[in-house]
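In what follows, a structure is listed as structure tokens, so that the remarks can point back to it.
Per chain, numbering begins at 1; letters A, B, ... match sequence-line order. Not measured: the values here are computed from a predicted model.
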Protein chains: 2
Amino acid sequence: MLGTTKERAGMPAVSAEEGHTAGTGTGRRRAGRPSAAVLDKAGITTAALDLVSRKGYDGLTMAALAKQLEVAPSALYNHVASKRDVLLLVEDHLTSLVDVSAFGSKSWEDAVRTWAWSYRDVFAEHTPLIPVIAVLPVTDAPQTLAMYETVSKGFLDAGFPEERIVSAIVALESFIFGSAYDVTAPGDIFEPGSMADANPHFTAAVRSSAGPGRPADTAFGLGLEALISGLGALRGQAG
Amino acid sequence: MLGTTKERAGMPAVSAEEGHTAGTGTGRRRAGRPSAAVLDKAGITTAALDLVSRKGYDGLTMAALAKQLEVAPSALYNHVASKRDVLLLVEDHLTSLVDVSAFGSKSWEDAVRTWAWSYRDVFAEHTPLIPVIAVLPVTDAPQTLAMYETVSKGFLDAGFPEERIVSAIVALESFIFGSAYDVTAPGDIFEPGSMADANPHFTAAVRSSAGPGRPADTAFGLGLEALISGLGALRGQAG
DNA sequence: ACCTGAACACCGTTCAAGT
DNA sequence: ACCTGAACACCGTTCAAGT
């Protein structure tokens, strides 16, 4: 489980000790097993998040991650089987940041609203993880599973038929992931430019769609409210 | 526009001609400009689609694409600026396969249903394109723009307020793209395994959710019907 | 068990040289 | 204008050697 490990490897040790040349942070460890492990999954996760926040996902390479942790790239493979494993660690950490607190304290509608906006906002900053999440078995992601547990209980307590809960969550999540991409799109993505004349109805729709706030937020709010009212109608029904 | 070019470069020329050693398909062109261009965008698109269908997106490399077309990898850069350009060509071709025919012939609800299912089915087989589409300016994708034009006209003719059309399409598309990923997920993605005891409500929901058909189809149908009824309520209203 | 260092089999992309 | 061939600056991953 993340967060329960004894060692803290988020900050690499730079103190002078055996296996480490003294002095500045440029010192190299010599080959061979160090007296204490310098890496663990929690430290790798922290370093990966830090790297992503500074350099983006293009900058998240195994070599850069190793450099940040002051180890050789191959050392990472003692703790993760692949780069995909690193992305899973990051994904599971981010999921723990999603706000599920409204389930149990607010109405079902408000709880879904709070959860969905928070979920979208978190992953809008991390869209390269979306292809990974979508295919991720929940067994490999304890925080993600914990989120589903809280949401499922909220749906059940609100009178949602048990056999429809997974489908409803999947539908909401699909909308959330797709909408996370929209946030990253350029503002003029729909500007028809020189193709305007050949596409008059769409061009008129684009030109008249300007409103307050970000377009991605308008579309997300519109779709989310439709899903909440449509799915909400299932409460109290039999399967 | 795709499909209107005179040259056909989908099948590379293997006939013996100047700049080409005679005989089998293993012949090498010698350096220098050939008397007739061997590449064009339509041929690159066809070759990329063929490669993807045979080897998947992991197999779509510039080197493999060049090999399929019997040119050196660097030759591709006379016709596309980057690999992303190749993905755009493929994306725009695939969009032309989406069924928009029900707009203008069926009810708004049926037209949206037909379009959405078709759109999801096409891109479920091509999920690696989704991050590309989501950020793609429509000017660069004429077929994609044409699809939006048809859909916009269908919405307008059904009494949809013009200033909400783009948001409604974006919301539907977001749901469609997110749902396309679900189709590719393993069937046991939600199986809690050893974590079942700690997550009883979710586990019960997963165990009771088995129904006829693919789970991804059940969730897509549920969300799509919610979106259709929620968005459909906007027809005839003012902005 | 857990590091280093060297190596492997790739990648996308650039560019001079050739016709 | 549009090809070839060589090169560049990477990638993720493997594995023997070391402690």
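- Sorted by first and then second residue, the side-chain hydrogen bond (donor to acceptor under 3.5 Å, both in side chains) pairs involving residues 81-91 of chain B (not counting sequence neighbours) are B/Glu91-B/Thr95, B/Glu91-B/Thr144.
- B/Phe103 has its side chain within reach of B/Trp115: a pair of non-hydrogen atoms, C-beta onward, lies under 4.5 Å apart.
- Comparing A/Ser74 and A/Thr61 along DNA chain D, the residue whose closest nucleotide (by nearest heavy atom) sits nearer the 5' end is A/Thr61.
- Nearer to the 5' terminus of DNA chain C, by closest-nucleotide assignment, is the contact made by B/Arg84 (compared with the other of B/Arg84 and B/Arg33).
- Checked against side chain to side chain contact (heavy atoms under 4.5 Å, CB included), A/Ser167 has the following partners two or more places apart in sequence or in another chain: B/Thr218, B/Ala219, B/Leu222.
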For a quick test of your reading: what N or O donor-acceptor pairs under 3.5 Å do the side chains of residues 58-65 of chain A make, sequence neighbours left out?
residue	atom	partner	partner atom	Å
A/Thr61	OG1	A/Ala64	N	3.0

Side-chain donor-acceptor pairs under 3.5 Å in residues 124-141 of chain B, sequence neighbours left out?
residue	atom	partner	partner atom	Å
B/His126	ND1	B/Tyr57	OH	2.7
B/Thr139	OG1	A/Glu191	O	3.0

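- Extent of DNA chain C lying under 4.0 Å from chain B heavy atoms, first and last nucleotide in 5' to 3' order, is C/dC11 to C/dT19.
- With sequence neighbours excluded, the residues forming a ring pair (Phe, Tyr, Trp, His ring centres under 6.0 Å) with B/Tyr148 are A/Phe190, A/Phe202, listed by chain and number.
- Both A/Ala75 and A/Leu60 sit near DNA chain D, but only A/Leu60 has its closest nucleotide nearer the 5' end.
- Residue pairs meeting the ring-ring contact (aromatic ring centres under 6.0 Å, His included) criterion with at least one member in residues 62-82 of chain A: none, sequence neighbours excluded.
- Pairs of residues two or more places apart, or lying in two chains, that qualify as salt bridge (charged side-chain N to carboxylate O under 4.0 Å, His left out) and include a residue from residues 43-55 of chain A are A/Asp50-A/Arg54.
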So what's the dot-bracket for DNA chain C: Watson-Crick or G-U pairs under 3.5 Å, [ ] if a pair crosses, | if it pairs off-strand? ||.|||||...|||||.||

